[in-house]
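Reviewing the structure listed below.
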Amino acid sequence: MTLAGDAGRTKRRGGSGPAIPAPSAQNLLRWYDRERRDLPWRVAPGGRPDPYRVWLSEIMLQQTRVETVARYYERFLARFPTIETLAAARLDSVLKLWAGLGYYARARNLYACACEVVLRHDGRFPDTEEALRELPGIGPYTAAAIAAIAFGRKATPVDGNIERVIARLFAIETPLPAAKPELRRLAERLVPDERAGDFAQAMMDLGATICTPKRPDCALCPWNEVCIARARGEAEELPRRTPKSEGALRRGAAFVVVREDGAVLVRRRPREGLLGGMTEIPGTDWSADFDLRNASRAANRLIPFVSAIEWRRRPGSVRHVFTHFPLELTVFVASAPKETEAPREMRFVKRERLDGEALPTLMRKVVAHALPEDHQT
DNA sequence: CACGCGTGGCT
DNA sequence: TAGCCAAGCGT
C-alpha cells in the first residue's frame, strides 16, 4: 500500500471508486526497455552517449518530428562527426546540410554553440543544466534533456509530450499554459534517481506513440492502470488549454487599382515581420484605432495618380484572423488607364499572373472582394 | 514578453 | 483541399 501523502493518490476520488496507485518510473522504464525505438542518436542500452550527438539530436528535434530528423541526422553527423569539425566549418556549409529542416536560427545557433564549446569549454559540453543553458540555442528544455541523457543527471526536461502525459496521468484540469508549473512539479517527482535520461526519453516516446494528442492508445500504455484521466474516460480531453486571447481587432484599408488591361497594382511587404517579403495589395497600416475617414488621404499619398473621387468603396469588408489578432480591411477599388505606370516600389501584375505571386490568403481575399466578377462560375 | 520562425502531418 | 497548428528558442 502506498503511504499517505503520496500525491494524495490513494484517496478515493469523489468519495467513490477504487484508489488508484501512484505511477512508478520503474513501470515506464520496463516498457521502454521492451519497446524502445531504435533511433540513430540512441546508444545501445547501458552504452555511454556522446554529448555532441545528444545535443545535435535535441536541437534537430526541436519542433521537428522524429521521422524528419532521422533523414538529416546521419548525413549531418557523417559530414561533422565531432564538435571540432563542426566548429571548424563555415556557417554556409552547416546551413546547406540544414536546408529543408526548417527553423534556420537553430542551425545558426548550433554553429555558434559549437564554436563556443570549442573555444571556451575546451571542446567539451558543460555537464550541468545551468551551464548548458548559457549556450546559444539551448533553452530550459534542451539543457535538461542533455544533462539527463548525456550526463545521467537527475534533470526533468518538460516538452509538450511530457506535459500531455502528466496532465492525463494526474487528471490535471488546469488549462495550459497556467498548468505548466504544476505539471513540471509532478513530472519532477516521478523522475527516478537512476536512469533519468532513459526516463525522459521514455516519457517522450510514450507521448509520441501512445499518449498521443488525439485518440490515445490507452490499451497499450504501461501506465493505463494508474492513469486518472483514463479511469475517468477523459484522457483525450486533457490537457485543457485556455483559448489564447485573440488580441484586439485591428482595422485598415486596402486599395485595389485595376488597370484597363486587367493588371492589379501590388507591392512587396518589408522582408521582416508579419507576412515578411510577401506580395500585398497596397493599403494603410493596420491598427486598433484606424479611422476610415483617413482612408482617402492615405490612398492619395500611396497612389497619387488616382484622384479621390475615383475610389469606390466595396460594401462590407474582408476579415482575416492572424495568430494573434483579427483584422478587418475595408476595400477600395479604382480603375486606371492602360498606359498607367506603377508608383515607386509598386508594380502591376496581370490578373492571371496573380496566382503565381507570393500572395497571402488575406490578400487573395482582398482581391476576391474587390473583383467578385472574377470568381463567378 | 508576445511574437515569429519552417516544415509536414492532420482533418 | 488547403487551412490549421504544433511547441522550444531568441528577441
Side-chain angles (χ1 to χ4, degrees), chain A residues 54-73 94-113 116 129 132-149 155-167 175-180 183-184 187 200 203-204 207-209 211-216 236 238-248 250 269-278 286 288 318-327 355 358-365 368 375:
Chain A
V54 172
W55 163 70
L56 176 63
S57 67
E58 287 300 335
I59 301 296
M60 285 188 165
L61 284 163
Q62 289 169 5
Q63 276 36 85
T64 312
R65 314 177 65 78
V66 162
E67 303 76 39
T68 307
V69 168
R71 297 201 295 271
Y72 286 80
Y73 174 81
V94 177
L95 289 172
K96 210 177 259 182
L97 281 182
W98 204 273
L101 199 51
Y103 282 117
Y104 299 99
R106 289 186 301 174
R108 297 193 294 273
N109 286 327
L110 184 89
Y111 179 63
C113 183
E116 201 170 317
E129 268 186 88
L132 286 162
R133 183 70 188 72
E134 299 296 311
L135 293 164
I138 299 186
Y141 163 80
T142 307
I146 297 173
I149 298 168
T156 313
V158 181
D159 73 343
N161 287 311
I162 295 180
E163 284 179 347
R164 183 170 60 254
V165 171
I166 298 294
L176 284 169
K180 278 174 180 284
L183 294 174
R184 159 166 291 281
M203 291 279 277
M204 290 186 276
T209 62
C211 198
T212 48
K214 302 273 169 62
R215 297 176 57 86
E236 195 164 359
L238 297 179
R240 304 194 194 285
R241 300 179 180 275
T242 44
K244 39 182 152 257
S245 65
E246 286 192 337
R250 299 186 201 178
R269 290 181 62 84
R271 290 167 54 88
E272 308 284 322
L274 188 62
L275 304 176
M278 306 288 284
W286 307 332
V318 166
R319 289 161 186 281
H320 188 80
V321 181
F322 288 103
T323 328
H324 279 89
F325 67 93
L327 175 68
D355 283 343
L359 203 65
T361 305
L362 163 65
M363 293 299 157
R364 293 181 189 272
K365 288 186 197 170
H375 298 266

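Convention: sequence-line order gives letters A, B, ...; per-chain numbering from 1.
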Would you kindly give the [atom1]-to-[atom2] distance between [X] and [N], to the nearest whole Å?
X: A/Leu101; N: B/dG8; atom1: CG; atom2: C1'; result: 11 Å
X: A/Ile162; N: C/dG8; atom1: CD1; atom2: P; result: 9 Å
X: A/Asn161; N: C/dA7; atom1: CG; atom2: P; result: 6 Å
X: A/Lys214; N: B/dC10; atom1: NZ; atom2: P; result: 10 Å
X: A/Arg65; N: B/dG8; atom1: CZ; atom2: C1'; result: 7 Å
X: A/Glu236; N: B/dC10; atom1: CD; atom2: P; result: 14 Å
X: A/Leu95; N: B/dC5; atom1: CG; atom2: C1'; result: 14 Å
X: A/Tyr103; N: C/dA6; atom1: OH; atom2: C1'; result: 8 Å

Inset, instruction - Select base, sugar-phosphate, or nothing to describe what A/Pro213 touches, counting heavy atoms under 4.0 Å on all strands. - result: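 Nothing: the residue A/Pro213, judged by heavy atoms under 4.0 Å, touches no strand.
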Inset, instruction - Give one of base, sugar-phosphate or nothing for A/Gln63, where a contact means two heavy atoms less than 4.0 Å apart. - result: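 Here A/Gln63 touches the bases of the nucleic acid.
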Just by modelled atom types, is the [Y] backbone N or O under 3.5 Å from a matching donor or acceptor in the [X] side chain?
X: A/Thr212; Y: A/Thr209; answer: no
X: A/Thr64; Y: A/Gln62; answer: yes
X: A/Arg106; Y: A/Gly137; answer: no
X: A/Glu236; Y: A/Arg215; answer: yes

Inset, instruction - Give a yes/no answer on whether the side chain of A/Tyr104 brings an N or O atom under 4.0 Å of OP1 or OP2 in B/dT7. - result: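 Yes, such a contact exists.
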Legend entry - Short side-chain N/O contact from A/Thr142 to OP1 or OP2 of C/dC9, under 4.0 Å: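 Yes, A/Thr142 has a side-chain N/O under 4.0 Å of OP1/OP2 on C/dC9.
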Inset, instruction - Give none if B/dC1 has no partner; otherwise give the nucleotide forming a Watson-Crick or G-U wobble pair with it, both distances under 3.5 Å. - result: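 Paired with B/dC1, as far as the under-3.5 Å criterion goes, is no nucleotide at all.
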Inset, instruction - Using the C1' atom on both, measure B/dG9 against C/dC9 and round to a whole Å. - result: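 These two C1' atoms come out 22 Å apart once rounded.
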Inset, instruction - Output the distance between atom CG (A/Leu135) and atom CH2 (A/Trp55), rounded to the nearest 0.5 Å. - result: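 The distance works out to 9.0 Å.
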Inset, instruction - Between C/dG10, C/dC9, B/dG6, spot the one nearest the side chain of A/Pro140, thanks. - result: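 Between C/dG10, C/dC9, B/dG6, the one nearest the side chain of A/Pro140 would be C/dC9.
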Legend entry - Earlier contact from the 5' end, DNA chain C, for A/Asn109 and A/Arg164: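 The residue mapped nearer the 5' terminus is A/Arg164.
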Inset, instruction - Check if the side chain of A/Tyr141 and the base of C/dG8 share a donor-acceptor pair of N or O atoms closer than 3.5 Å. - result: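 There is none.
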